[in-house]
Undergrad: 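Sharing a structure, written as structure tokens. Questions coming.
Here is how names work: the chains are called A, B, and so on, in the same order as the sequence lines, proteins then strands, and each is numbered from 1. All values derive from a computational prediction rather than experimental measurement.
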Protein chains: 2
Amino acid sequence: MVRQMTEMLKGTLEGVVLAILSGKSAYGYEITAWLREQGFADIAEGTVYALLVRVEQRGFVDVDRVPSEKGPPRKVYSLTAAGRDYLEDFWRTWSFLSDRLEQLRQEGN
Amino acid sequence: MVRQMTEMLKGTLEGVVLAILSGKSAYGYEITAWLREQGFADIAEGTVYALLVRVEQRGFVDVDRVPSEKGPPRKVYSLTAAGRDYLEDFWRTWSFLSDRLEQLRQEGN
DNA sequence: CCATCTACTCAGCGTTACTCAGTACCGGTA
DNA sequence: TACCGGTACTGAGTAACGCTGAGTAGATGG
């Protein structure tokens, strides 16, 4: 199942992270930890960081460096207006795909 | 939205095609046409064929060459037992992801 | 002073879908 | 006959994304 999850996450993980950030600002380590709690056990450490760099470069998030009590300073990310727009697009795309899949599943059995 | 769809299809398109084949055997051109009807307008011709080669190599489908009335012979694909197992796995992975996403969407708004 | 937890970085890789072009067979039309 | 459009599949090269695995670095506690 791990392999399938890896491939399925392509394109959706980005949406997942942006959706998290639409609730509240967060930093990389926090997001990774949250994902693990939710059952995304197999998401690699580096994956989330790389993703955050990408969405930052595309202007979907702003970064704020905040000193941490423990360890190096945190990079706290928050959603921009462009990010919010993109997230809406993401939900539309997701809904379309989800509907088709659900339909297929019902037909199949 | 096209770009997002492209990435989101990685890992799911395979499941979609196998799900189609679980209903009935079909050939590449037919599958492509069906997908376009369903609204997957931006799926490229070659994509489905490449996918079918991959799943064949992994033993998820059997191939049967059938002469066509118009044009070259069709390669008709049907799901194997292994393919059926894999499809079940796919649905499990999908359900997991779908549940998490739905939860996030509700929290977000 | 070393282990552990926090927090982020980076190079290289594999998988997947796309692009774009090509092959080939058939029916109909001019 | 010559050509065109629809059917049906193939193949080379490209980009994006997530993974692997290793590394840097600060703070705390035994």
Undergrad: Go through dA8(D), dG18(D), dC8(C) for me and flag the one nearest to the Tyr29(A) side chain.
TA: dC8(C)
Undergrad: Would you say Arg58(B) places a side-chain N or O within less than 4.0 Å of OP1 or OP2 belonging to dT16(C)?
TA: yes
Undergrad: Consider the side chain of Glu45(A), meaning its heavy atoms from C-beta on, and name the nucleotide among dC17(D), dA17(C), dC8(C) that approaches it most closely.
TA: dC8(C)
Undergrad: Could you walk me through whether Arg105(B) and Ser95(A) pass the side-chain hydrogen bond (donor to acceptor under 3.5 Å, both in side chains) check?
TA: CA-CA 11 Å; Arg105(B) 171 139 67 170; Ser95(A) 297; 3.0 Å; yes
Undergrad: Quick one: does Glu7(B)'s side chain have a donor or acceptor within less than 3.5 Å of a partner on Lys10(A)'s backbone?
TA: no
Undergrad: Checking contacts here: which listed nucleotide (dG26(D), dA8(D), dG18(D)) is nearest the side-chain heavy atoms of Pro72(A)?
TA: dG26(D)
Undergrad: Once hydrogens and angles are ignored, does a donor-acceptor distance under 3.5 Å link the base of dT15(C) to the side chain of Lys10(A)?
TA: yes
Undergrad: Measure CZ/Arg3(B) against P/dT14(D) and give the value in whole Å, please.
TA: 19 Å
Undergrad: Would you please confirm or rule out a distance under 4.0 Å between OP1 or OP2 of dG18(D) and any side-chain N or O of Arg54(A)?
TA: yes
Undergrad: Distance check needed: dG14(C) C1' versus Glu7(A) CD, whole Å only.
TA: 8 Å
Undergrad: Would you say dA7(C) has OP1 or OP2 under 4.0 Å from some side-chain N or O of Tyr49(A)?
TA: no
Undergrad: When you check the gap from the basic side-chain N to the acidic O, do Glu14(A) and Arg58(A) get nearer than 4.0 Å?
TA: yes
Undergrad: In whole angstrom, give the distance that lies between atom CZ of Arg65(A) and atom C1' of dC8(C).
TA: 8 Å
Undergrad: Relative to Tyr29(A), does Arg74(A) satisfy both conditions: NZ or CZ under 6.0 angstrom from the six-membered ring centre, and within 45 degrees of the ring's axis?
TA: no
Undergrad: In whole angstrom, give the distance that lies between atom CE of Met8(A) and atom P of dT16(C).
TA: 12 Å
Undergrad: Can you tell me how far P of dT15(C) sits from CD of Gln57(B), to the nearest Å?
TA: 11 Å
Undergrad: Would you mind checking if Lys24(A) and Glu30(A) are paired as a salt bridge, meaning a charged N to carboxylate O distance below 4.0 Å?
TA: yes
Undergrad: Starting from the 5' end of DNA chain D, give me the residue, Lys75(B) or Thr12(A), whose nearest nucleotide shows up first.
TA: Lys75(B)
Undergrad: Taking only the side-chain heavy atoms of Arg74(B) (C-beta and beyond), determine which of dT7(D), dT16(C), dG18(D) contains the nearest atom.
TA: dT7(D)
